[in-house]
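Contents: one structure, followed by commentary.
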Amino acid sequence: MDNPRKKDEL
Amino acid sequence: MNVFRLLGDVSHLVAIIILFLKIFRSKSCAGISGKSQVLFALVFTTRYLDLFTSFISIYNTVMKVVFLVLSYATVYLIYLRFRSSYDSESDTFRVEFLLVPVAGLSFLENYDFTPIEILWTFSIYLESVAILPQLFMITKTGEAESITTHYLFFLGLYRALYLANWVWRYHTEGFFDQIAVVSGVVQTIFYCDFFYLYVTKVLKGNSKLTLP
């Protein structure tokens, strides 16, 4: 899966 | 940031503070599952490894530190400071039945096969089942103090608000984090039974929740 994570969520 | 995610984070913070204060002020962790609290500390530890490597915002960093400190402090209160009040006979959920499948799945279903991403995925899957020892303990004892039910209400509400946040972000940014959303739905479903009891019993003014 392509990584959609924006890593801004806790 | 949107209002759903902000309210979700506040609800999560309120839940963690309610629990910590309940134990600290009553000097007792009766009715609290230490296993769930250890799992939550593990969730935050494996999720916030980027605390020192990537800076998102002051808010993001402060909240991560607060969640980590309070979750470990709560584990300390349960297993060390007030361990005489810890009801280990009722806290018997086999957490290995959670950790092994969650660890296995995080190796199978993740966005990138890197340590950080696998640990983040592990934390997401683990968080969705971390409350099970606590819910199991309540069904076993058949009751819960009302303060404990308020803790569970805000904890369940937080991920439900995150679901609204993901709907909002999908429609406004096209953002869709499949792993987090699916886990969040599963996590929130586990609370549905409790939400029903909370609304029909605790909010009616009962001093404690007693299961039928």
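Below, chains carry the letters A, B, ... as their sequence lines are ordered, and counting in each starts from 1.
- The two residues B:Tyr158 and B:Leu155 come nearest to each other via the heavy atoms CD2-O, 3.3 Å.
- In terms of non-hydrogen atom pairs under 4.5 Å with chain A, the most contact-rich of B:Arg5, B:Met1, B:His12 is B:Arg5.
- Here the two rings, on B:Tyr170 and B:Trp166, have centers that are 6.0 Å apart or farther.
- Cation-pi contact between B:Arg159 and B:Tyr162: present, with separation from the ring centre below 6.0 Å and deviation from the ring axis of at most 45°.
- Proximity to chain A (any heavy atom under 4.5 Å) is restricted, for B:Tyr48, to the side chain, taken from C-beta onward.
- Looking at B:Asp177, both its backbone and its side chain come within 4.5 Å of chain A, counting heavy atoms on both sides.
- Here B:Asn60 contributes atom CG and A:Leu10 contributes atom CG; the two are 5.0 Å apart, rounded to the nearest 0.5 Å.
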